[in-house]
Amino acid sequence: MSVFADLVGQDEAVETLSRAAAAAARIVNGDLSATAAMTHAWIFTGPPGSGRSVAARALAAALECERDGIGCGECHGCRTALGGTHADVRFVVPEGLSIGVGEMRALVLRAGSAPSGGRWQAMVIEDADRLTEAAGNALLKAIEEPPPRTVFLLCTPSTHPDDISVTIRSRCRVVALRQPPAEAVAEVLVRRDGIAPATAAWAAAAAQGHVGRAKRLANDSDARARRDAVLAVPRRLTGVGACFDAASALIEAAEAEAGAAAIDSNGAERSALEQALGAGGTGKGAAGAMRGAAGQLKELEKRQKSRLTRAQRDALDRALVDLAGFYRDVLITSLRAPVAVVHTDTAVQSAAAAEKWTPESTLRRLEAVLACREAIDLNVKPKIAVEAMMLSLWRG
């Protein structure tokens, strides 16, 4: 199966990337006239769930494909690249809120060497919008003077200067992805994950085109329960006190979700580091090594804390997306728009709200949710942003 099979509803992007991979294979074979379709730096943009990182990984795999770059998905190059074990494919996935200059300098240094397999080196930077200014400058130098047969694949929400610097963007080819239709997402869930068609159709609609989110909703009862609690928020907003209670519940649920996911991984990381530093050993050497390990353990705790903060914000953002979907359903029901509702299981509630609220007040509520997402993205304390949003939702 092609490496591009999971790039849902992105036919134009798949065609562009397939041509680039085929051209890259011809370049490896000595045909330098193929450089028009292939370039050394790419930016994948699109809304959450559109498949930015999927597209980057798929292109990286196609570049390593041993069958003339067709991205067969079956050869050793394709399978190891998709599995994250290929020696010439590097992934930068931010654990915290940003990607630091040290990590980017290490990547650029690695990019300067020749590909060990004789094809291409692919440097995949997920969430490139999280690059610090210094990290962005370090990457820019490498993109301005690219090593031969090294490709940089950046994933960002958009090409707005707030997401990626203009200088980096000007040196990259942009592949714009769109939100995939629910039907395409459902088809992938059925084909790839063996999910029942009815469940897949519901999850795809509820996830609003986000493939990963749809899979979680279809398979994880806890994820469905959290979504149900979020969609009950509009009915709970009966007064000022209820607004603050709902805000606290939403924040606590996001923290609990992120914390539960972090407990096991944090403990395993600390245990592995302590063991590597000589924990459990005997003798003066082992004791001395552990005394000198305090700095490394402190740095690990710092990374874990940053990663937890990001996980909490991501969990909260998922809840806000679900909430925005409810108010969107109310608005299209009120206006009798010829489109399907997102949350089919709360269609009765959204229809009742459409009878009660004016379209203008519904739109103000929807804008309040979107403003909350933006405020949190700008580092406003989540509790303050969510409390302000709840009050706006109550007042309408």
Stepwise side-chain contact (heavy atoms from CB on, under 4.5 Å) test for L154 and W42: CA-CA 6 Å; L154 285 62; W42 298 74; over 6 Å; no
Output, in order, the C-alpha distance, side-chain angles, deciding distance and verdict of side-chain contact (heavy atoms from CB on, under 4.5 Å) for I251 and L316. CA-CA 7 Å; I251 296 292; L316 181 57; 3.9 Å; yes
Stepwise side-chain contact (heavy atoms from CB on, under 4.5 Å) test for V151 and H40: CA-CA 5 Å; V151 180; H40 70 285; 5.6 Å; no
Show, in sequence, the C-alpha distance, side-chain angles and deciding distance for N219 and R224, and conclude whether the side-chain hydrogen bond (donor to acceptor under 3.5 Å, both in side chains) test is met. CA-CA 9 Å; N219 291 326; R224 293 194 293 272; over 6 Å; no
Take E15 and R19, measure what salt bridge (Lys or Arg N to Asp or Glu O under 4.0 Å) needs, and give me the verdict at the end. CA-CA 6 Å; E15 183 179 352; R19 286 200 305 267; 3.2 Å; yes
Show your working on side-chain contact (heavy atoms from CB on, under 4.5 Å) between V341 and I332 and close with a plain yes or no. CA-CA 8 Å; V341 296; I332 65 170; 4.0 Å; yes
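Listed by first and then second residue, the salt bridge (charged side-chain N to carboxylate O under 4.0 Å, His left out) pairs involving residues 331-349 are R227-D345 (not counting sequence neighbours). For residues 207-243, no pair satisfies ring pair (Phe, Tyr, Trp, His ring centres under 6.0 Å), with sequence neighbours left out.
In this structure, T16 contributes its side chain and E12 its backbone to a donor-acceptor pair below 3.5 Å. Between the side chain of T132 and the backbone N or O of A135, at least one donor-acceptor pair lies under 3.5 Å. Between the side chain of E66 and the backbone N or O of G77, at least one donor-acceptor pair lies under 3.5 Å. The backbone N or O of S50 lies less than 3.5 Å from a partner atom in the side chain of Q10, making a donor-acceptor pair. Using modelled atom types, one side-chain atom of H343 and one backbone atom of D322 make a donor-acceptor pair closer than 3.5 Å. Without hydrogens or angle criteria, R130 side chain to I99 main chain gives no donor-acceptor distance under 3.5 Å. The closest donor-acceptor contact from the side chain of T150 to the backbone of A111 lies under 3.5 Å. Remark: the backbone N or O of S116 is not paired with any side-chain donor or acceptor of R119 at under 3.5 angstrom. Checking side-chain atoms of R236 against main-chain N and O of A242 turns up no donor-acceptor pair under 3.5 Å. Put simply, the side chain of R178 gets close to the backbone of G9: a donor and an acceptor are under 3.5 Å apart.
V101 and L139 sit in two unconnected hydrophobic clusters of ILVMFWY residues. Membership requires side-chain heavy atoms under 4.5 Å apart, directly or through other members. In the hydrophobic cluster analysis, where Ile, Leu, Val, Met, Phe, Trp and Tyr join through side-chain heavy atoms closer than 4.5 angstrom, V175 is grouped together with W120. Side-chain heavy atoms closer than 4.5 Å link hydrophobic residues (I, L, V, M, F, W, Y) into clusters, and following such links, possibly through other members, connects L82 to F44. I43 and V89 fall into different hydrophobic clusters, defined by Ile, Leu, Val, Met, Phe, Trp and Tyr side-chain heavy atoms under 4.5 Å apart, directly or through other members. I125 and V174 fall within the same hydrophobic cluster, where Ile, Leu, Val, Met, Phe, Trp and Tyr residues are linked whenever their side-chain heavy atoms come under 4.5 Å apart, directly or through other members.
For the pair E187/R191, a side-chain contact is recorded, criterion being any heavy-atom separation below 4.5 Å from C-beta on. By the 4.5 Å heavy-atom criterion applied to side chains, R226 and D220 are counted as neighbours. Proximity of D6 to R192: side-chain heavy atoms (C-beta onward) are separated by under 4.5 Å at one or more points. Residues S334 and E355 form no side-chain contact, since every pair of their non-hydrogen atoms from C-beta on lies 4.5 Å or further apart. Two residues are said to be in side-chain contact when any heavy atoms from C-beta on lie closer than 4.5 Å; P234 and L323 meet this criterion. By the 4.5 Å heavy-atom criterion applied to side chains, L107 and E103 are not counted as neighbours. A heavy-atom distance below 4.5 Å is not found between the side chains of L131 and S98. The closest side-chain heavy-atom distance from L320 to I376 is below 4.5 Å.
With sequence neighbours excluded, the residues forming a side-chain hydrogen bond (donor to acceptor under 3.5 Å, both in side chains) with R57 are E126, listed by chain and number. Under the salt bridge (charged side-chain N to carboxylate O under 4.0 Å, His left out) criterion, D317 pairs with R373, not counting sequence neighbours. The salt bridge (charged side-chain N to carboxylate O under 4.0 Å, His left out) search around R318 returns E257, not counting sequence neighbours. Residues meeting the salt bridge (charged side-chain N to carboxylate O under 4.0 Å, His left out) test with D329, sequence neighbours left out: none. Every residue meeting the ring-ring contact (aromatic ring centres under 6.0 Å, His included) condition with Y327, not counting sequence neighbours, appears here in chain and number order: W357. With sequence neighbours excluded, no residue forms a salt bridge (charged side-chain N to carboxylate O under 4.0 Å, His left out) with E374. With sequence neighbours excluded, the residues that form a side-chain hydrogen bond (donor to acceptor under 3.5 Å, both in side chains) with D163 are S158.
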Would you list the atom pairs, donor with acceptor, under 3.5 Å between side chains in residues 165-172 and any protein atom, with sequence neighbours excluded?
| unit_1 | atom_1 | unit_2 | atom_2 | d |
| --- | --- | --- | --- | --- |
| S165 | OG | T167 | OG1 | 3.2 |
| S165 | OG | I168 | N | 3.2 |
| S170 | OG | V166 | O | 3.4 |
| S170 | OG | T167 | O | 2.8 |
| R171 | NH1 | T167 | O | 2.8 |
| R171 | NH2 | E144 | OE2 | 3.2 |

Run the side-chain donor-acceptor check on residues 387-395: report pairs under 3.5 Å with partners two or more places apart or on a different chain.
| unit_1 | atom_1 | unit_2 | atom_2 | d |
| --- | --- | --- | --- | --- |
| E387 | OE2 | K383 | NZ | 3.3 |
| S392 | OG | A388 | O | 3.2 |

Can you give the donor-acceptor pairs under 3.5 Å from side chains of residues 193-209 to other protein atoms, not counting sequence neighbours?
| unit_1 | atom_1 | unit_2 | atom_2 | d |
| --- | --- | --- | --- | --- |
| Q208 | NE2 | V321 | O | 3.1 |

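Note that OG of S221 and CG of D228 are 10.5 Å apart. Values are rounded to the nearest 0.5 Å. The CZ atom of F326 sits 12.0 Å away from the CG atom of L331 when rounded to the nearest 0.5 Å. Taking OG1 of T346 as the reference point, atom CZ of R235 lies at 8.0 Å (rounded to 0.5 Å).
Ionic pairing of R149 and D88 is not present here: no N-O contact between side-chain nitrogen and carboxylate oxygen is shorter than 4.0 angstrom. A salt bridge does not link E360 to R364: none of the charged nitrogens lies less than 4.0 Å from a carboxylate oxygen.
Here the shortest heavy-atom pairing between L7 and G51 reads CD1-O, 3.6 Å. The shortest non-hydrogen separation linking I70 to C65 is N-SG, 3.8 Å. Taking both residues in full, the closest heavy atoms of V124 and A56 are given as CG1-CB, 3.8 Å, listed atom of the first, atom of the second, then distance. What you find for A61 and V3 is that their closest heavy atoms are CB-CG1, 3.8 Å. Among all heavy-atom pairs drawn from V8 and V185, the shortest one is CG1-N, 3.7 Å. The minimum heavy-atom distance between A319 and V230, with the atom names listed, is O-CG1, 3.3 Å.
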